[in-house]
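Atoms considered below: every heavy atom in the structure, side chains included; atoms not considered: hydrogens, waters and symmetry mates.
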Amino acid sequence: MSQEKIERWSDIAGNDAPTDKLTVFLESMTDSYAILQLRRIEDTEFERFMSLSYLHRAGKEPEFDHYEVVYTADLPSYTNRAMMLEGLYTKFNIDRPSDFTGHSLSVSDIVALKNNGAVSFHYVDSIGFKELRDFMKSENYLKSAEMSMEDDYGMIDGIINNGRKDIEPARPSVLEQLKDAETTPSPKISVKSKDERDI
């Protein structure tokens with residue numbers, strides 16, 4: 001999906017449909033990034049602006065359902081991921097895009113990157129970024145999005161609509177096998193007369 005389409009969608013939908021912004025990001029055909037910030041709900045009150053080590057000391061991990069996508073755009077080409085993430089941090093603190101409606105990029109925010117179809121999540125920590133490998137667990141949105149778009153469930157792998165697996169030939173049903181067995185003559189078994197059995 002081109003940047004123009006994403007921007008037009010943002011103009012129409014605005015900031016009221018964060019789930020749809022996530023859909024736009026995940027379904028994008030181009031390399032892109034998304035800024036995720038904590039929802040303003042009671043469950044996130046003590047998570048806002050906290051470092052990852054603080055969350056771990058409290059026995060917590062960043063939870064997918066606590067976040068919403070506040071911005072998406074095409075991912076600039078890069079050779080060093082850490083420097084590119086730092087560049088985004090600077091951009092969303094010093095030179096924020098005019099259509100960005102979130103707060104300045106801060107500790108506890110997450111930058112999602114979609115590169116060559118693979119999605120990764122990077123927690124803004126007190127120093128640098130920490131990749132969150134299990135942020136989108138199998139029961140979350142990505143699986144649902146993939147299940148609605150994939151040609152078969154065997155391709156649920158974090159890359160949306162990456163083609164069909166080879167289709168196996170259909171096996172006959174058990175009912176068909178039983179019907180075939182009824183029409184096939186069975187071998188005759190000689191039945192002994194009563195006199196033969198008694199001897």
Side-chain angles (χ1 to χ4, degrees), residues 1-10 13 15-39 44 47 51-52 55-56 60-92 97 99-103 105-125 128-165:
M1 185 174 287
S2 71
Q3 177 63 27
E4 181 183 359
K5 285 183 182 176
I6 291 173
E7 286 175 354
R8 268 192 277 132
W9 182 90
S10 293
N15 205 26
D16 297 329
T19 303
D20 292 334
K21 284 187 180 183
L22 181 61
T23 303
V24 169
F25 167 69
L26 292 173
E27 294 176 3
S28 171
M29 300 304 288
T30 61
D31 289 350
S32 53
Y33 70 91
I35 305 295
L36 288 77
Q37 294 183 333
L38 285 163
R39 299 175 188 274
T44 66
E47 298 172 15
S51 69
L52 204 50
L55 289 180
H56 289 163
K60 295 184 175 189
E61 288 288 338
E63 291 186 40
F64 178 79
D65 293 339
H66 289 184
Y67 284 84
E68 62 184 340
V69 175
V70 295
Y71 190 80
T72 62
D74 284 342
L75 184 64
S77 59
Y78 64 90
T79 54
N80 183 311
R81 179 184 282 182
M83 288 179 66
M84 185 274 301
L85 287 167
E86 289 297 335
L88 289 175
Y89 182 84
T90 301
K91 175 179 182 170
F92 284 90
D99 58 341
F100 176 63
T101 57
H103 58 74
L105 200 59
S106 304
V107 173
S108 79
D109 293 344
I110 293 174
V111 178
L113 304 177
K114 183 175 184 184
N115 195 352
N116 294 322
V119 178
S120 61
F121 296 89
H122 306 270
Y123 191 87
V124 181
D125 212 351
F129 292 80
K130 299 282 189 305
E131 185 171 357
L132 302 173
R133 295 195 183 274
D134 297 324
F135 183 62
M136 286 185 91
K137 295 183 175 71
S138 59
E139 67 273 8
N140 66 25
Y141 177 83
L142 183 59
K143 182 175 180 182
S144 301
E146 279 196 90
M147 289 176 76
S148 69
M149 297 186 65
E150 284 293 358
D151 296 327
D152 70 45
Y153 289 162
M155 297 304 289
I156 305 299
D157 56 4
I159 301 172
I160 292 181
N161 206 9
N162 53 344
R164 271 182 122 57
K165 278 188 166 180

Which of these, Lys60, Glu47, Arg39, sits in a side chain to side chain donor-acceptor pair (under 3.5 Å) with His66?
Glu47

Quick one: closest heavy-atom pair of Glu86 and Gly128, and the distance?
OE2-CA, 3.7 Å

Please round to the nearest 0.5 Å and tell me the distance separating atom NZ of Lys21 and atom CD1 of Ile35.
11.5 Å

Derivation and outcome, side chain to side chain contact (heavy atoms under 4.5 Å, CB included), residues Tyr78 and Met83
CA-CA 8 Å; Tyr78 64 90; Met83 288 179 66; over 6 Å; no

Ser28 versus Lys114, closest heavy-atom pair with distance
O-NZ, 2.8 Å

Evaluate the criterion side chain to side chain contact (heavy atoms under 4.5 Å, CB included) for residue pair Leu113 and Arg81; output intermediate values, then yes/no.
CA-CA 10 Å; Leu113 304 177; Arg81 179 184 282 182; 4.0 Å; yes

What orientation do Phe92 and Tyr71 show, parallel under 30°, tilted 30 to 60°, or perpendicular over 60°?
perpendicular

How long is the gap from CZ on Phe64 to CG on Leu22, to the nearest 0.5 Å?
5.0 Å

Hey, what do you get for OH (Tyr123) to OG (Ser51), rounding to the nearest 0.5 Å?
6.5 Å

The side chain to side chain donor-acceptor pair (under 3.5 Å) partners of Thr90 (sequence neighbours excluded) come to none

d(Leu52 CG, Asp125 CG) to nearest 0.5 Å is 5.0 Å

Sub-4.5 Å side-chain heavy-atom contact between Met136 and Leu26:
yes

dist Tyr67:OH -> Ile110:CD1 (nearest 0.5 Å) comes out at 4.0 Å

So Ser106 and Gln37, do their side chains get closer than 4.5 Å, heavy atoms only?
no

Calculate, to the nearest 0.5 Å, the distance between atoms NZ and NE2 belonging to Lys130 and His56 respectively.
10.0 Å

For Phe135 versus Leu36, what's the shortest heavy-atom pair and its separation?
CE2-CD2, 4.1 Å

Is there a donor-acceptor pair closer than 3.5 Å between any side-chain N or O of Asp109 and the backbone N or O of Val124?
no

Could you check Leu38 against Ser108 for side chain to side chain contact (heavy atoms under 4.5 Å, CB included), going step by step and ending with a plain yes or no?
CA-CA 8 Å; Leu38 285 163; Ser108 79; 3.7 Å; yes

Worked verdict on Tyr89 versus Val111 for side chain to side chain contact (heavy atoms under 4.5 Å, CB included):
CA-CA 9 Å; Tyr89 182 84; Val111 178; over 6 Å; no

Is a side-chain donor or acceptor of Asp31 paired with a backbone partner of Asn116 at a separation under 3.5 angstrom?
yes

